[in-house]
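Comments concern the structure below.
Note that the numbering runs from 1 along the sequence shown for the chain. Only this structure's heavy atoms are used, side chains among them; waters, hydrogens and symmetry mates stay out.
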Amino acid sequence: MISESLQANPVIAALGDLAVAAKFEFEELTVEVRPENILAALAIIKETLHFEQLTTVTAVDRYPAEPRFELVYHLHSFSQKERLRLKAWLSGEKVEIESACPVYRSANWYEREVFDFFGIRFLNHPNLTRIMMPDDWEGYPLRKDYPVTGTRY
């Protein structure tokens, strides 16, 4: 839900119906979009709102809650000296979302890291392979249900 005070915000106005929720937290605007709208939202944020840089893509596992994964994109506008946080929630049943690489090339390694540690699949990613863990590693070590004791080899 978007409060009336945020309706006039230029980011919310530009995103229109793509924004399903918004709030200010930690002195930054946080906007939530549906996973299926992530590319459209990122394109508007880059081309219309001039957020030139994607500085981070990360995730939070909220297990056992559903939707399980909170995917977070941090964007920066140098020209406006502003930061923006974009979020999308993913179900534990369907852990996939379109890759941001067509809009921000810098998403490549960030998405590979999120895939490697959380198992979130980025559809149409140019090279979705492990980046930190060995290629033969089983599982995703930052998931809350990943075993933290015992032998894993």
Is there a path from [X] to [Y] through hydrophobic residues (I, L, V, M, F, W, Y) whose side chains come within less than 4.5 Å of each other?
{"X": "Ile45", "Y": "Val72", "answer": "no"}
{"X": "Leu75", "Y": "Trp89", "answer": "no"}
{"X": "Ile120", "Y": "Met132", "answer": "yes"}
{"X": "Val57", "Y": "Val60", "answer": "no"}

Can you tell me how far the [atom1] atom of [X] sits from the [atom2] atom of [Y], to the nearest 0.5 Å?
{"X": "Cys101", "Y": "Asn127", "atom1": "SG", "atom2": "CG", "answer": "9.5 Å"}
{"X": "Arg83", "Y": "Lys81", "atom1": "CZ", "atom2": "NZ", "answer": "12.5 Å"}
{"X": "Phe117", "Y": "Tyr146", "atom1": "CZ", "atom2": "OH", "answer": "11.0 Å"}
{"X": "Thr55", "Y": "Tyr73", "atom1": "OG1", "atom2": "OH", "answer": "13.0 Å"}
{"X": "Tyr110", "Y": "Tyr104", "atom1": "OH", "atom2": "OH", "answer": "12.0 Å"}

Provide the closest heavy-atom pair for [X] versus [Y] in the form atom of the first, atom of the second, distance.
{"X": "Phe69", "Y": "Ser91", "value": "CD1-O, 4.4 Å"}
{"X": "Ala19", "Y": "Val31", "value": "CB-CG1, 3.7 Å"}
{"X": "Ser79", "Y": "Glu52", "value": "OG-OE2, 3.0 Å"}
{"X": "Leu90", "Y": "Leu71", "value": "CD1-CD2, 4.3 Å"}
{"X": "Leu39", "Y": "Ser99", "value": "CD2-O, 3.1 Å"}

Are any side-chain N or O atoms of [X] and backbone N or O atoms of [Y], one a donor and one an acceptor, separated by less than 3.5 Å?
{"X": "Arg130", "Y": "Trp137", "answer": "yes"}
{"X": "Gln80", "Y": "Leu49", "answer": "yes"}
{"X": "His74", "Y": "Leu84", "answer": "no"}
{"X": "Glu111", "Y": "Ala100", "answer": "yes"}
{"X": "Ser106", "Y": "Leu54", "answer": "yes"}
{"X": "Lys23", "Y": "Thr30", "answer": "no"}

Checklist entry - Got a sec, which residues hit side chain to side chain contact (heavy atoms under 4.5 Å, CB included) with Ile131, two or more places apart in sequence or on another chain? => result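 Applying side chain to side chain contact (heavy atoms under 4.5 Å, CB included) to Ile131 gives Trp109, Arg112, Glu113, Asp116.
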
Next on the checklist: Using side-chain contact (heavy atoms from CB on, under 4.5 Å), reason through Leu128 and Arg121 one step at a time and then give a plain yes or no.
Outcome noted: CA-CA 8 Å; Leu128 193 61; Arg121 294 203 150 289; 3.7 Å; yes

Do [X] and [Y] have side-chain heavy atoms sitting under 4.5 Å apart?
{"X": "Glu36", "Y": "Ile38", "result": "no"}
{"X": "Met133", "Y": "Tyr140", "result": "no"}
{"X": "Phe51", "Y": "Leu42", "result": "no"}

Item to check | Ion pair check, Arg85 and Glu28, cut-off under 4.0 Å | outcome: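 Counted as a salt bridge, because a side-chain N and a carboxylate O are separated by less than 4.0 Å.
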
Checklist entry - Is the number of heavy atoms from other residues, nucleotides or ligands under 6.0 Å of Asp17 CG greater than 12? => result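 Open: at most 12 neighbouring heavy atoms sit under 6.0 Å from CG of Asp17.
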
Next on the checklist: For Glu25, is the CD atom crowded, meaning more than 12 foreign heavy atoms sit under 6.0 Å from it?
Outcome noted: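 Above 12, so yes.
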
Checklist entry - Are side-chain N/O atoms of Ser77 and Glu82 paired as donor and acceptor at under 3.5 Å? => result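 No, no side-chain donor-acceptor contact under 3.5 Å.
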
Checklist entry - Does the side-chain contact (heavy atoms from CB on, under 4.5 Å) test come out yes or no for Val114 and Phe122, once each step is laid out? => result CA-CA 9 Å; Val114 170; Phe122 292 91; 3.9 Å; yes

Next on the checklist: Going by side-chain contact (heavy atoms from CB on, under 4.5 Å), Val11 matches just one of Thr48, Ile44, Leu86, Leu29. Which one?
Outcome noted: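 Exactly one candidate clears the test, Leu29.
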
Checklist entry - Only one of Arg68, Arg143, Lys144 clears salt bridge (charged side-chain N to carboxylate O under 4.0 Å, His left out) with Asp61; which? => result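 Considering Arg68, Arg143, Lys144, a salt bridge (charged side-chain N to carboxylate O under 4.0 Å, His left out) with Asp61 is found only for Arg68.
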
Checklist entry - Looking at residues at least two apart in the chain, or sitting in another chain, which of them share a ring-ring contact (aromatic ring centres under 6.0 Å, His included) with His76? => result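 Partners of His76 by the ring-ring contact (aromatic ring centres under 6.0 Å, His included) criterion, ordered by chain and then number, come out as Phe78.
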
